[in-house]
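Scroll down for the structure; my scribbles are underneath it.
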Number of protein chains: 4
Amino acid sequence: MKIARPLPDYLVRRYHGWKATSYAENSAWYKRLAEGGQHPRAMVISCCDSRVHVTSIFGADQGEFFIHRNIANLVPQCKPDGEQHGTSAALEYAVTALKVAHVIVLGHSGCGGVQGCHDMCSGAAPQLEAQSSFVGRWMDILRPEYDNLPKADLPTRLRAFEKASVVRSLFNLMTFPFVAEAVDSGVLTLHGLWNDIGEGTLEQYDTETGDFKLV
Amino acid sequence: MKIARPLPDYLVRRYHGWKATSYAENSAWYKRLAEGGQHPRAMVISCCDSRVHVTSIFGADQGEFFIHRNIANLVPQCKPDGEQHGTSAALEYAVTALKVAHVIVLGHSGCGGVQGCHDMCSGAAPQLEAQSSFVGRWMDILRPEYDNLPKADLPTRLRAFEKASVVRSLFNLMTFPFVAEAVDSGVLTLHGLWNDIGEGTLEQYDTETGDFKLV
Amino acid sequence: MKIARPLPDYLVRRYHGWKATSYAENSAWYKRLAEGGQHPRAMVISCCDSRVHVTSIFGADQGEFFIHRNIANLVPQCKPDGEQHGTSAALEYAVTALKVAHVIVLGHSGCGGVQGCHDMCSGAAPQLEAQSSFVGRWMDILRPEYDNLPKADLPTRLRAFEKASVVRSLFNLMTFPFVAEAVDSGVLTLHGLWNDIGEGTLEQYDTETGDFKLV
Amino acid sequence: MKIARPLPDYLVRRYHGWKATSYAENSAWYKRLAEGGQHPRAMVISCCDSRVHVTSIFGADQGEFFIHRNIANLVPQCKPDGEQHGTSAALEYAVTALKVAHVIVLGHSGCGGVQGCHDMCSGAAPQLEAQSSFVGRWMDILRPEYDNLPKADLPTRLRAFEKASVVRSLFNLMTFPFVAEAVDSGVLTLHGLWNDIGEGTLEQYDTETGDFKLV
């Protein structure tokens with residue numbers, strides 16, 4: 001069986017365009033990055049959603065952000081049980097090996113994973129309750145926040161749920177001993193953001209008030 | 001405790017710069033994306049490494065690629081055991097809900113996760129063997145490939161190991177029933193790539209020869 | 001004799017304000033920078049002029065740019081004669097020890113050093129011809145460009161002279177063997193910029209045409 | 001030969017962001033500065049190190065500080081021999097043409113230039129002794145202070161050496177007749193500072209005790 005296929009033409013053409021322009025103009029920096037290794041200042045935990053580009057929003061270049069992307073930008077609780085935990089592994093590498101100064105959790109509007117979780121919790125998506133549903137089980141991380149949502153119309157509830165996914169992840173981050181230690185000793189700070197894709201606005205979590213405020 | 005802190009000034013300034021330029025110039029597209037939802041044509045599974053920007057390499061815009069990033073761009077085997085599997089959840093969402101046409105696994109040179117796995121397998125990093133090592137347990141996915149590495153100098157072995165992480169992930173992708181079905185029915189193709197960061201070259205896995213060839 | 005005096009109050013107050021705000025919010029990054037050392041991607045050679053802030057223009061944070069500032073952003077020719085050459089020392093450190101990927105020469109409008117050089121060359125400032133004039137002798141670096149200035153009104157000539165200081169510095173950069181080698185092997189690129197302070201515009205030197213063009 | 005290359009994309013984007021926000025909001029002030037020339041109140045002599053931003057620490061805006069930056073914030077002795085002396089030229093321009101009221105020498109922790117000088121003096125870096133070493137010859141300015149360092153562990157000695165670079169520069173400042181005259185007639189004061197990058201602390205040289213004290 002041919003497990004892998006050649007890259008589609010349009011991507012091949014674009015790659016050659018990038019190689020002849022952006023790469024050619026910045027090859028010195030690429031070579032330095034290859035030789036010297038990466039020294040990113042921040043880890044970003046963002047959603048896989050194709051509409052969220054953290055590097056654009058922050059004018060970041062190659063080498064600045066160590067980026068983990070998963071469904072709904074979730075961080076599970078620390079569970080060192082010998083199983084495979086991709087998010088925990090990325091976090092451990094960023095904090096203990098790369099020694100980043102910031103971990104930024106970036107949520108966003110219109111998150112399909114969060115909507116799926118709401119459907120599941122409200123009984124509208126029983127298929128997500130199946131043990132075999134990877135999306136359902138992953139969104140279990142966010143599930144405890146469902147009962148805290150405001151009694152309001154669906155768009156308001158979804159927006160609150162998206163922000164809750166950021167806050168829940170921030171609290172779960174602190175369950176990792178290496179995160180808590182770095183935060184306590186002042187070499188790491190955590191940041192919670194939520195991006196409205198259509199409006200281009202960015203809000204950040206304010207620990208004191210528990211609200212999100214426009215940046 | 002102040003769990004989250006305000007965003008660093010320089011990122012706030014850069015964000016406002018993006019909002020006033022890139023966002024302002026493309027707000028119509030952002031609003032369309034927000035209203036119509038995402039319709040990405042491909043899922044990319046890439047490393048968290050700060051030096052790998054798949055959107056740059058392929059000139060991708062907001063909305064084109066659904067991107068999952070983890071340590072060493074690994075896909076575990078399908079294991080529907082009710083536990084939290086972030087990579088599997090992202091894959092399930094991309095293939096069954098978003099119905100992407102391509103899944104692209106993108107490896108790269110100088111991968112710290114792959115090097116860590118080589119250290120672990122060769123006995124040079126016993127701390128990665130601990131049950132509590134998230135990086136070690138995550139890299140167990142790649143472990144079986146260690147015995148197939150060529151007897152050669154370390155750089156050659158590491159490069160081969162990085163490419164093996166791509167091939168191993170391609171094979172693991174096929175253990176997911178929804179991936180195998182979509183591939184079999186011709187609505188999904190898989191692609192394996194490896195990027196040399198310093199040289200800017202891109203190689204793709206050729207199923208027939210089992211080798212990687214320059215794109 | 002009291003050689004040094006206490007810092008003026010207004011600076012003490014501002015410092016305490018910075019410490020309580022910007023430093024406090026970014027202390028994690030400062031601590032990481034202190035522990036891990038600097039890894040700047042670019043060296044900037046800029047004028048001492050108080051109106052030119054390269055970090056503002058490029059949204060740069062602590063750790064990004066290694067910055068040398070002197071009168072008229074000049075680079076002398078390589079002259080390894082055992083004397084003290086501050087600009088050459090900064091350049092050597094940036095390229096050979098820090099291994100920056102870019103050296104950016106940034107000129108600007110209304111440069112007092114360039115105007116002084118024009119006055120000197122046109123006979124209007126004989127005091128700058130004195131051997132004891134540090135400004136005069138420093139501006140000798142630019143002097144050879146005087147004869148190439150267009151026959152035009154003074155503002156046009158001064159603007160051309162300012163840009164010539166950038167181009168002259170670019171050529172002088174290549175007289176340093178370690179610069180030429182790094183450029184030849186593709187790990188360093190040189191860039192020439194000129195900033196109009198009042199208009200906020202930025203122009204870059206185009207090697208092929210020999211002109212400056214708006215960025 | 002293409003001596004200069006186009007500016008990297010990410011810097012172009014950031015520049016346009018700055019132009020559309022910071023510049024746009026302050027264009028009146030920029031235009032005033034362009035028309036009226038600069039009238040800085042202080043000259044700062046700081047290190048090129050990417051981690052030291054004197055404008056941040058003192059909340060300085062465009063037009064406030066005339067800034068010279070070189071390796072290890074050193075001022076050589078006055079030597080009007082007709083050669084090119086960049087630091088002396090900057091100093092002459094600031095004091096005699098701009099008539100600044102303060103000259104501030106700002107040292108910092110973790111200075112690579114100072115460490116290199118210590119290595120050179122202790123015999124650990126013979127390559128810095130070469131006549132062709134620009135860094136070595138530049139650091140000769142600090143060399144006489146080596147014998148005065150305390151017999152202590154290396155970190156303590158380096159910190160003392162960093163502060164000695166500030167004091168040595170203050171004394172060298174007074175070898176310039178135009179500085180000594182301005183100081184004597186009360187129109188110029190000198191200030192010596194040392195910044196701990198990680199802790200964000202600032203210490204100033206106290207002439208009476210010969211020590212540095214927290215600001």
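FYI, side chains are in, hydrogens and waters are out, and symmetry mates aren't considered; it's all heavy atoms of this structure. Per chain, numbering begins at 1; letters A, B, ... match sequence-line order. All figures in this text were calculated on a predicted structure; none of them were measured in a lab.
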Under a 3.5 Å cutoff, is there a donor and acceptor pairing between the side chains of [X] and [Y]?
X       : Y        : answer
A/Gln77 : A/Thr175 : no
A/His53 : B/Thr55  : no
A/Asn73 : A/Ser46  : no

Looking at [options], which makes the most heavy-atom pairs under 4.5 Å with chain A?
options                             : result
B/Gly192, B/Pro80, B/Ala97          : B/Pro80
B/Phe66, B/Tyr205, B/Tyr30, B/Tyr93 : B/Phe66
B/Gly82, B/Ser50, B/Ala28           : B/Ser50
B/Ala34, B/Gly198, B/Ala24, B/Gly59 : B/Gly198
B/Ser132, B/Ala90, B/Gly63          : B/Gly63
B/Leu170, B/Val105, B/Leu202        : B/Leu202

Taking [options] one by one, which has the highest count of heavy-atom pairs under 4.5 Å against chain B?
options                            : value
A/Lys79, A/Glu83, A/Lys31, A/His68 : A/His68
A/Thr96, A/Val167, A/Ile57         : A/Ile57
A/Pro8, A/Ala89, A/Ala72           : A/Ala89
A/Thr189, A/Asn70, A/Ile71         : A/Ile71
A/Lys213, A/His16, A/Lys19         : A/Lys19
A/Gln131, A/Gln38, A/Arg137        : A/Gln38

Hey, could you give me each pair passing ring-ring contact (aromatic ring centres under 6.0 Å, His included) that has a residue in residues 180-204 of chain B? Not counting sequence neighbours.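 ring-ring contact (aromatic ring centres under 6.0 Å, His included) check on residues 180-204 of chain B returns B/His102-B/His191.
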Salt bridge check, B/Asp49 against B/Arg69: does any charged N sit closer than 4.0 Å to a carboxylate O?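 No salt bridge links B/Arg69 with B/Asp49.
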Quick one: are [X] and [Y] in side-chain contact, heavy atoms under 4.5 Å?
X        : Y        : answer
B/Glu203 : B/Val215 : no
B/Leu193 : B/Phe212 : no
A/Val100 : A/Arg41  : no
A/Thr201 : A/Asn195 : no
B/Ser56  : A/Ser22  : no
A/Glu145 : A/Leu142 : yes
A/Phe176 : A/Val75  : yes
A/Met120 : A/Asp140 : yes

Contact part of [X] toward chain B, heavy-atom cut-off under 4.5 Å: side chain, backbone, both or neither?
X        : answer
A/Ile104 : side chain
A/Asp206 : neither
A/Glu64  : both
A/Ile141 : both
A/Ser88  : both
A/Phe58  : both
A/Glu199 : both

Could you check whether atom CZ of B/Arg32 has more than 12 heavy atoms from other residues, nucleotides or ligands sitting under 6.0 Å from it?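 Open.
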So for atom CZ, which belongs to A/Arg14, do other residues, nucleotides or ligands contribute more than 12 heavy atoms lying within a distance under 6.0 Å?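 Yes, enclosed.
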Heavy-atom distance under 4.5 Å to chain A: side chain of B/Thr87, backbone, both or neither?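 Contact with chain A: none, neither part.
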Region of B/Tyr23 in contact with chain A, defined by heavy-atom distances below 4.5 Å: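 Only the side chain of B/Tyr23 comes within 4.5 Å of chain A.
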Heavy-atom donor-acceptor pair, B/His39 side chain to B/Gly36 backbone, under 3.5 Å: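 Yes; at least one donor-acceptor contact below 3.5 Å.
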Taking heavy atoms only and a threshold strictly under 4.5 Å, list by residue number the residues of residues 106-117 of chain A that touch chain B; give 'none' if the list is empty.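 A/Gly112, A/Gly113, listed by number.
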